[in-house]
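In what follows, a single structure is set out as structure tokens and then discussed.
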Amino acid sequence: MTRPSRVLAGLLVTLTGCYLFSDEPKARKHSGDPIAADEPAPSKPAADLPIAAAPGCPSVLTGTEASDRVIASECGAVEVRGQYRIEGGSLTLGAGVELRFEAGAVLDVGRAKPGKLRIEGTPERPVKLTGTGQAWLGVRLHGQATGSNLQNLIIEDAGESQRAALWIAAEGVQIAGLTITGAPELSLELAAERNIEIHGAKLAGAKLVARASPQTAGGLHELELEPGASVAVVAGRIEGEVEWSVPHLRVEGFVRIEGSEQAPAALTIAPGTQVEFDPAARLIVG
């Protein structure tokens with residue numbers, strides 16, 4: 001049986017509403033990833049020792065980074081093994097840096113303690129995060145990775161079923177010039193409720209390539225998708241002014257547009273944007 005859908009395309013549509021009450025469940029923080037931003041970190045294995053920050057170029061990154069580490073382009077390719085965590089420190093990657101992740105490796109930022117990831121690539125010399133021939137788990141910006149900034153970044157062959165190559169639960173994240181290729185399922189998942197801005201992202205794949213909350217879907221600008229690809233919007237609430245401009249969106253649940261009497265919420269659907277609704281999905285205004 002063909003799934004019913006409704007499509008909004010080619011029109012500038014603005015929907016506004018004031019919050020009255022809500023008996024719907026809250027939006028899910030994320031989908032599929034078993035590690036939530038507010039979960040306690042697992043106990044550290046005895047062999048998993050912190051890395052001391054030091055000048056020069058590391059040959060291997062693993063364990064816990066509690067200091068401010070800067071890796072410059074002259075370091076060449078650097079290997080990442082196992083779970084590499086930024087907890088209480090920061091990692092800055094200069095233009096042209098390449099990190100090569102072994103099978104099953106992951107970069108976790110700000111899970112147990114505040115941490116930041118800074119990517120300082122340029123269009124001519126992007127930073128590349130890639131595998132060593134087998135799939136790796138990807139990059140996760142947890143709730144305490146607020147303020148991370150990613151500029152001109154390429155992520156290759158990361159993620160797995162139900163786990164995005166780039167998973168973001170932190171707010172206050174700025175990204176520009178992002179390219180994700182080779183993800184087995186989701187390329188990108190925005191689990192935070194608000195305040196993520198992504199400009200100029202290219203996501204490979206011809207099916208569902210990203211998932212976002214209703215508010216953070218408004219932070220996706222100049223997104224390039226392949227024919228047939230879409231971005232899912234999960235159930236949740238829009239409390240401010242948001243514009244959806246992704247070429248193809250698919251709403252999966254109830255989206256409430258609810259502000260306050262002093263500051264009504266507003267959703268604008270930009271010209272050329274196609275919005276498809278799952279059978280049980282709907283927009284609820286005011």
Side-chain angles (χ1 to χ4, degrees), residues 27-42 44 48 50-51 53 61-71 78 80 82-94 97 99 101 105-121 126-129 136-155 158-159 163-180 183 186-199 201 203 210-213 215-220 234 236:
R28 55 182 173 174
K29 289 291 292 181
H30 59 88
S31 171
D33 195 326
I35 301 178
D38 53 359
E39 285 183 2
K44 183 170 60 179
D48 189 10
I51 301 173
L61 296 172
T62 190
T64 301
E65 190 77 82
S67 301
D68 295 328
R69 181 181 290 279
V70 179
I71 301 178
V78 179
V80 180
Q83 189 179 40
Y84 178 42
R85 301 189 298 272
I86 312 300
E87 307 283 10
S90 66
L91 175 65
T92 301
L93 304 178
V97 167
L99 299 187
F101 291 75
V106 63
L107 174 57
D108 272 324
V109 184
R111 181 178 178 186
K113 297 179 180 178
K116 288 186 180 180
L117 177 62
R118 300 185 182 95
I119 303 294
E120 299 179 346
V127 170
K128 180 183 290 187
L129 309 182
W136 57 288
L137 299 185
V139 179
R140 302 175 191 162
L141 302 182
H142 293 269
Q144 298 187 73
T146 302
S148 293
N149 192 304
L150 316 181
Q151 303 291 319
N152 297 293
L153 170 65
I154 298 173
I155 299 176
R163 189 172 298 185
L166 175 59
W167 180 83
I168 306 175
E171 298 183 1
V173 175
Q174 301 286 325
I175 301 176
L178 173 67
T179 299
I180 301 179
L186 287 178
S187 293
L188 174 67
E189 183 160 9
L190 307 183
E193 296 297 330
R194 59 184 60 83
N195 199 16
I196 298 176
E197 291 290 325
I198 300 178
H199 294 264
L203 306 179
R211 180 172 277 118
S213 67
Q215 195 93 6
T216 57
L220 294 170
V234 302

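Only this structure's heavy atoms are used, side chains among them; waters, hydrogens and symmetry mates stay out.
Proximity of Arg211 to Glu189: side-chain heavy atoms (C-beta onward) are separated by under 4.5 Å at one or more points. Inter-residue side-chain proximity for Leu61 and Ile71 is flagged as met; some heavy-atom pair is nearer than 4.5 Å. Looking at heavy atoms from C-beta onward, Leu137 lies in side-chain contact with Arg140 at the 4.5 angstrom threshold. When side chains are defined from C-beta on, Leu166 counts as touching Ile180, because their heavy atoms get closer than 4.5 Å. Inter-residue side-chain proximity for Leu220 and Leu190 is flagged as met; some heavy-atom pair is nearer than 4.5 Å.
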Q: Evaluate the criterion side chain to side chain contact (heavy atoms under 4.5 Å, CB included) for residue pair Ile86 and Leu107; output intermediate values, then yes/no.
A: CA-CA 8 Å; Ile86 312 300; Leu107 174 57; 4.1 Å; yes
Q: Output, in order, the C-alpha distance, side-chain angles, deciding distance and verdict of side chain to side chain contact (heavy atoms under 4.5 Å, CB included) for Glu197 and Gln174.
A: CA-CA 5 Å; Glu197 291 290 325; Gln174 301 286 325; 3.5 Å; yes
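Residues meeting the side-chain hydrogen bond (donor to acceptor under 3.5 Å, both in side chains) test with Thr216, sequence neighbours left out: Ser213. By the salt bridge (charged side-chain N to carboxylate O under 4.0 Å, His left out) test, Arg194 pairs with Glu171, Glu239, sequence neighbours left out.
In this structure, OG1 in Thr62 is found 9.0 Å from OH in Tyr84, a value given to the nearest 0.5 Å. Arg118 CZ to Leu93 CG: the interatomic distance, rounded to the nearest 0.5 Å, is 11.0 Å. With rounding to the nearest 0.5 angstrom, the CG atom of Leu91 is 13.5 Å from the NZ atom of Lys116. Interatomic distance, Leu150 CG to Glu120 CD, rounded to the nearest 0.5 Å: 11.0 Å. Note that the CG atom of Leu141 and the CD1 atom of Ile175 stand 7.0 Å from one another [nearest 0.5 Å]. One distance of note links CG of Leu153 with CG of Leu117; it measures 8.0 Å at 0.5 Å rounding.
Nearest heavy-atom pair across Thr146 and Gly143 is OG1-O, 3.5 Å. Of all the heavy atoms in Gly138 and Ala158, the pair that sits closest is CA-CB, 3.8 Å. A pairwise comparison of heavy atoms in Ala145 and Val109 identifies CB-O, 3.6 Å as the closest pair. Closest non-hydrogen pair, Trp167 versus Ala169, comes out as CH2-CB, 3.6 Å. Among all heavy-atom pairs drawn from Leu129 and Trp136, the shortest one is O-CZ2, 3.6 Å. Closest approach of Ala165 and Ile155 over heavy atoms only: CB-CG2, 4.3 Å.
When Gln83, Arg85, Lys113 are each tested for a side chain to side chain donor-acceptor pair (under 3.5 Å) with Thr64, only one passes: Arg85.
Side chain of Thr92 to main chain of Val70: no donor-acceptor pair is present (N/O by atom type, distance under 3.5 Å, no hydrogens or angles). For Glu87 (side chain) and Arg111 (main-chain N/O), a donor-acceptor pair under 3.5 Å exists by modelled atom type. When atom types are taken as modelled, the side chain of Asn152 and the backbone of Gly121 share a donor-acceptor pair closer than 3.5 angstrom.
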